[in-house]
Number of protein chains: 2
Amino acid sequence: MSNSDKSVVSRLRKLIGEGAYQPGERLGEVAVSEQLGVSRTPVRLAFRTLEQEGLLQRAGKRGFMVREFTEADVLCAVEVRGVLEGLAARRLAEQGLSPALDAKLEVWIQKGRELLAKGYLEERDVDVWSELNRHFHETIVGSSGSPVIGDAIARNNHLPFAAADSIVIDSEALDREYRKLQLAQVQHELVVQALRHGEGARAEMLMREHAFIGLRYGELFGLGG
Amino acid sequence: MSNSDKSVVSRLRKLIGEGAYQPGERLGEVAVSEQLGVSRTPVRLAFRTLEQEGLLQRAGKRGFMVREFTEADVLCAVEVRGVLEGLAARRLAEQGLSPALDAKLEVWIQKGRELLAKGYLEERDVDVWSELNRHFHETIVGSSGSPVIGDAIARNNHLPFAAADSIVIDSEALDREYRKLQLAQVQHELVVQALRHGEGARAEMLMREHAFIGLRYGELFGLGG
DNA sequence: AACGTTATGTTTGGATCCAAAGTAGAGCTT
DNA sequence: AAGCTCTACTTTGGATCCAAACATAACGTT
């Protein structure tokens, strides 16, 4: 995939994620190509990719439309990530944690501890957490013995609200986010503990529950969602 | 997607599934287009779709190659389908089975009973089972309240060995397959039973186990795999 | 006046052309 | 002889052209 081609896909992905197009809106190839300043060809290619990612949908026989997502879809996507990451964790626990992998996980656990040690959250900490969180999840998923689980998760994560690093949204209320991250850190540590003891079922369930943190834990701290 | 476009994707999917190309083999756009008797354009479009489906992989900076799957990948893909269908079943049990849905499931259960009632399997029964099995699974997955789970399963099923209807392979040994389908039928009935009683965890685990039937149950009947 | 048919315009799909990037091979230099 | 460089060829990506399908609107007929 050339630079431009990739950039058309990701630019469109970004535009859709930002809500630049109305859900259900039909996307014409010419309109989009003019908007992005390229010819129809890369747009046609991008549409096929985005269709597979689930962001676009066939609009009858005539082109594509922006897919709309309901509340239920969001919940489902998070649950899907939960069960898939849970599966990865269980397999990892069952096959046993190699010393190298153990050390690798410990790194991200340790970074999390350090980040939260000072007792509060700064603006720039958000990115640091997002990064270490991504690494933690990728390490577990990537070590499950086959790329198949990771691929399934990656495809699910194309739904913008489903990805694991969409936890922190509200950088205005850093004190509430701090408590959320504290809980996430505990969950990370418990997962590693379970993995070390070969507790497959426990690792799976912890990982599943962990998926909900970006979704329902707000209620715990007096938030809306 | 036009007829030809769709047909290029599915024709390629079929060719790859049949092993017409070696795993790891690079696919040139011109070579494939000549082989299929179309121009490069539909092939380029199809490659993007097949890449997202996981059948093709980027080969460095130069085009695509046929993805190769290991034993572990096959196992993983089956497990992925298991946890996803398990998730769908659990959600269904938790939200309660509507009378209409109950009746719909009963239809496929009944058809399964009828098929197996005569005590043995004929050649043509295989397709009948495949059909009712597909309907049964689709009904459960499609009723989980959001298309997200179904999409994830559909994407996973693009790996030819992962789909639920790849159960019956050996139409030479119909007596052994009969016993397998008998077991599958029991599992279907147990799933419906659990759904009716709102037993989410049980429905989930039954569905998960059911996924393995095409994979590991052969050993029970003195087969290889 | 309503329905059906036709004609025009819009949009997508397929083919081809051109440019750019990459690879391999040959020739030259050290 | 080995390594580097330059060149020629292969292959992909982007743009454009043409045809086919679909939708819409207008016109004619009943």
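Within every chain, numbering begins at 1; the chains are lettered A, B, ... in the order of the sequence lines, protein sequences first and strands thereafter. Since the structure is predicted, the reported quantities are computational estimates derived from the model, not experimental observations.
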Closest to the Arg26(B) side chain, choosing from dT12(D), dG14(D), dT12(C): dT12(D)

Nearest-angstrom distance from the residue atom CG of Leu27(B) to P of dT10(D): 19 Å

Residues Thr70(A) and Asp73(A): side-chain donor-acceptor under 3.5 angstrom: yes

So which protein N/O to nucleotides 17-26 of chain C N/O distances come out below 3.5 Å?
| unit_1 | atom_1 | unit_2 | atom_2 | d |
| --- | --- | --- | --- | --- |
| dT23(C) | O4' | Arg62(B) | NH1 | 3.4 |

Spacing between Leu45(A) atom CG and dA15(D) atom C1', to the nearest angstrom: 12 Å

Nearest-angstrom distance from the residue atom CG of Leu56(A) to C1' of dT12(C): 15 Å

Spacing between Glu29(B) atom CD and dG14(C) atom C1', to the nearest angstrom: 14 Å

Min side-chain heavy-atom separation Arg11(A)-Leu36(A) under 4.5 Å: yes

Most 5' of Phe47(A) and Ser39(B) on DNA chain C, judged by nearest nucleotide: Phe47(A)

Contact list for residues 18-54 of chain A, test ring pair (Phe, Tyr, Trp, His ring centres under 6.0 Å), sequence neighbours left out: Phe47(A)-Phe64(A)

Residue that, paired with Glu85(A), satisfies side chain to side chain contact (heavy atoms under 4.5 Å, CB included) out of Ile140(A), Ile153(A), Ile149(A): Ile153(A)

Phosphate OP1/OP2 of dG14(D): any Thr41(A) side-chain N/O under 4.0 Å: no

Arg58(B) CZ - dT12(D) P separation (whole Å): 11 Å

Heavy-atom donor-acceptor pair, Ser33(B) side chain to Val30(B) backbone, under 3.5 Å: yes

Lys/Arg-Asp/Glu bridge criterion (N-O < 4.0 Å) met for Arg196(A), Glu106(A): yes

